[in-house]
2 protein chains.
Amino acid sequence: MAGRVTIQDVAAAAGVSPSSVSNLLNNRVDKMVPATRQRIERAIAELGYRPNRAARQLRSGRTQTLGLVVPSVGNPFWGAFAREVEVAALKLGGNVLLCNSERDPGRERRYVEELWEDGIRGIILCTSLPSLDHVADVIEDGLRLVTFDRPAQANDPRSVVSISIDNQVGGHLATTHLIDLGHERIAFVSGSLRSVNRSARYRGYCDAIEAAGLSVSEMPVWTGSETGEFGDVEAAGFGRAAAASLFSGEQEPPTGVVAVNDMTALGFCRGLRDAGLTVGTDVSVIGFDDIILADLYDPPLSTVRQPIAEMAQLAVVEASASPGNAAEPGRSVLLRPQLIARRSTAAPVGAVTSSPA
Amino acid sequence: MAGRVTIQDVAAAAGVSPSSVSNLLNNRVDKMVPATRQRIERAIAELGYRPNRAARQLRSGRTQTLGLVVPSVGNPFWGAFAREVEVAALKLGGNVLLCNSERDPGRERRYVEELWEDGIRGIILCTSLPSLDHVADVIEDGLRLVTFDRPAQANDPRSVVSISIDNQVGGHLATTHLIDLGHERIAFVSGSLRSVNRSARYRGYCDAIEAAGLSVSEMPVWTGSETGEFGDVEAAGFGRAAAASLFSGEQEPPTGVVAVNDMTALGFCRGLRDAGLTVGTDVSVIGFDDIILADLYDPPLSTVRQPIAEMAQLAVVEASASPGNAAEPGRSVLLRPQLIARRSTAAPVGAVTSSPA
DNA sequence: TTGAAAGCGTTACCAT
DNA sequence: ATGGTAACGCTTTCAA
């Protein structure tokens, strides 16, 4: 019954006009006589009235809902981020509509368009595609797009705001950590490097390697097949396969490993165990993200932390901002990642006796 | 520009009436002359027209969007479930609006009401509250509510469909596994038991203990403070604290542990490590859920698996069903959990020499 | 096979 | 301080 109660019914029951009910609903109560207000409130309660969002949105053109497109909430990192986004949105009185892209550009595009059609005008898109062409037309229509985990690229539309850690610094941090511990044969393990953040992490890795007087070309870099794409949840299986390959005996194995994210690192650790090796003593492994399970792992996983709560907050503010009070668009916010050294990284077994370069 | 294109503009551009455009949009093309159709399609493409969902929904009263309320996507189990729900919804041509309740009844209610106001008529609610009173009025209004991870209760409204594993069987499965391995001092570790699934798991635990001729009253049961609620993500910290307490030396420690879920189990393992104990040899630990990290852990965690893909599919079908083709309401689907024995459980050290009861 | 016109429930303007 | 009323963009009869 209550499902079909309209603002008209409330007005009739309270003996006022629909406008007054609407005014109350929208907190325009400054000049309303308390008695009227109470009559309306009683009518609302008695009839069990609930406003119709579609009508409200159609008329006002506004929504309090933000769109959030992540690769996959099945991945603990994205799950944690999504949660932080919701927390931040709630603080601002908004909702969040969450979508999993599975890192598929087609799905990204479909979702962005669908959200736009739903009347949503602010979207946080967690993508790492080098180009935003696939959603360019919606951006032109006036979408406030915030990309996360993907620093701004040269060809990005002007209005896009990018929020990300400095992945190159992060890659450098992780690699330098291993170098400082005395490692000289350091692997880099990642899925396809076609994503901008992964390649930035890789660049940081290369910088650190070269800076230490080592040669990247001699390092075991494992980036999987060019063609095969790996979802975020599959990252673990990927890391496991990488470990199996790197320690198959066909080449000199690394003593330290930089994994492109924690899931891959955890999978890699599993692979090491399969091979009878011990993480932290036989081989040092460092990940990226600091998902909740990194600290729970045995041994606790060293990693590079992203300040997700802070980033989520920023992203929500930017995506919610009406054109007026938004910061200058085209902005790229690059936060600093933080090295979290735990027990999965240690000095290599033969560190002291290794011949100097 | 394109953002303000309406069906009228398209009709004008194509030289037809809005009705015809609408017919095309809704796939009512059976009796449309191909030429007309092409003109309209060209106009749509040229103008970059995109239908306005709010208007569409307001007029037709229909939405393809489902609501999904989980405790927290920060928890890998719920993240994985949410993903499966989305996959299932996509297959049926629908969307999913995801919300984190943090297991707060007030938030559950607020979300359910908000979703209803958004025009959403099917919701999958992952709650474990004994009563559904807090959302009863929305159900009366005609909401198709599917509860997940919470078997039907006596007072539930008739129309509610419940999808869950048989948690009592699951608890029994986990406990019996430890008993079969030779354990005689088996702890149960959980947050508050006020949730129906947790208490069902506990009941299964008790059944198994008693069936083995042991006494529940002599077992170390750790269910945390009555008052303190623990979120799903905090479950790990909780398990860790439980381990610290159970192995503090104040009482005889258990040789086996049934944790109420994998996050708690993983936290417990971390706590054991803090205490210098080894999981799988010194103490056996079994969890619940089989999150992706269970298999990645060192040692791989024994657990009781929930068939989440199958359950998600079921939930989506039920929540999407229009009253007509829905299965009989009030139904409670109880799926069978599956024991996954891995290396975190083994025979206790003193199994053979332990004195018989 | 296509078109005209009446709403869906709300807001916002302009009266009063 | 409150009411009347015209939109918002679309779907859906019903008529042509």
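Every chain is numbered from 1 and lettered A, B, ... according to where its sequence line falls, protein lines coming before strand lines.
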Open item on the list: Let me spell it out: for each of B/Gly15 and A/Thr6, pick the nucleotide of DNA chain C with the closest heavy atom. Which residue's pick is nearer the 5' end?
Closed with: B/Gly15
Open item on the list: Between B/Thr127 and B/Val135, does the side chain to side chain contact (heavy atoms under 4.5 Å, CB included) criterion hold? Intermediate values first, please.
Closed with: CA-CA 11 Å; B/Thr127 183; B/Val135 292; over 6 Å; no
TODO: Take atom CZ of A/Arg37 as the centre, draw a 6.0 Å sphere, and report whether it contains more than 12 heavy atoms from other residues, nucleotides or ligands.
DONE: no
Open item on the list: As an exercise, state the distance from CZ of B/Arg83 to CG of A/Asn75, rounded to the nearest 0.5 Å.
Closed with: 9.0 Å
Open item on the list: Nearest 0.5 angstrom please: A/Glu318 CD to A/Gln313 CD, how far?
Closed with: 11.0 Å
Open item on the list: With a sphere of 6.0 Å drawn around CZ of A/Arg28, does it hold more than 12 non-hydrogen atoms of other residues, nucleotides or ligands?
Closed with: yes
- [ ] Looking at every strand, decide which applies to B/Arg53 at a 4.0 Å heavy-atom threshold: base, sugar-phosphate, or nothing.
- [x] nothing
Task: Segment of DNA chain D, first to last nucleotide, that comes within the 4.0 Å heavy-atom reach of chain B - done: D/dG9 to D/dT12
- [ ] Using a cut-off of strictly less than 4.0 Å between a heavy atom of the residue and any atom of DNA chain D, enumerate the qualifying residues of residues 16-23 of chain A by number.
- [x] A/Val16, A/Ser17, A/Ser19, A/Ser20
TODO: Taking side chain to side chain donor-acceptor pair (under 3.5 Å) as the test, write out the residues that go with A/Arg110, two or more places apart.
DONE: none
TODO: Please round to the nearest 0.5 Å and tell me the distance separating atom CD of B/Glu108 and atom SG of B/Cys99.
DONE: 10.5 Å
Task: Range on DNA chain C touched by chain B, heavy atoms, distance below 4.0 Å - done: C/dT1 to C/dG9
Open item on the list: When you compare the side chains of A/Arg53 and A/Thr63, does any donor N or O come within less than 3.5 Å of an acceptor on the partner?
Closed with: no
Open item on the list: Taking A/Arg109 first and then A/Asp137, would you say they form a salt bridge - that is, a charged N and a carboxylate O separated by under 4.0 Å?
Closed with: yes
TODO: Just report the end-to-end axis angle for the helix from C/dT1-D/dA16 to C/dT16-D/dA1, five pairs per end, to 10 degrees.
DONE: 30°
TODO: Mind listing the residues from residues 56-67 of chain A sitting with a heavy atom below 4.0 Å of DNA chain D? Number order is fine.
DONE: A/Leu58, A/Arg59
Task: A/Val316/A/Lys91 under side chain to side chain contact (heavy atoms under 4.5 Å, CB included): CA gap, chis, key distance, verdict - done: CA-CA 10 Å; A/Val316 167; A/Lys91 258 192 246 169; over 6 Å; no
Task: Shortest non-hydrogen separation from B/Ser128 to B/Asp149 and the atoms involved - done: CB-O, 4.4 Å
- [ ] First locate atom CD1 of B/Ile40, then atom CG of B/Asn23, and finally report the distance between them rounded to the nearest 0.5 Å.
- [x] 8.0 Å
TODO: For the pair B/Trp78 and B/Phe81, name the ring-plane relationship: parallel under 30°, tilted 30 to 60°, perpendicular over 60°.
DONE: perpendicular
Open item on the list: Just to be sure I understand the rule, does B/Gly119 reach a base, reach only the sugar-phosphate, or reach nothing, if contact means heavy atoms closer than 4.0 Å?
Closed with: nothing
Open item on the list: Quick check: on DNA chain D, is the nucleotide nearest A/Gln8 upstream (toward 5') of the one nearest A/Asp30, or the reverse? Name the residue that is more 5'.
Closed with: A/Asp30
- [ ] Mind checking the OG-CD spacing from A/Ser72 to A/Glu102? Nearest 0.5 Å is all I need.
- [x] 4.5 Å
Task: Side-chain donor or acceptor of B/Arg121 paired with backbone N/O of B/Trp116 under 3.5 Å - done: yes
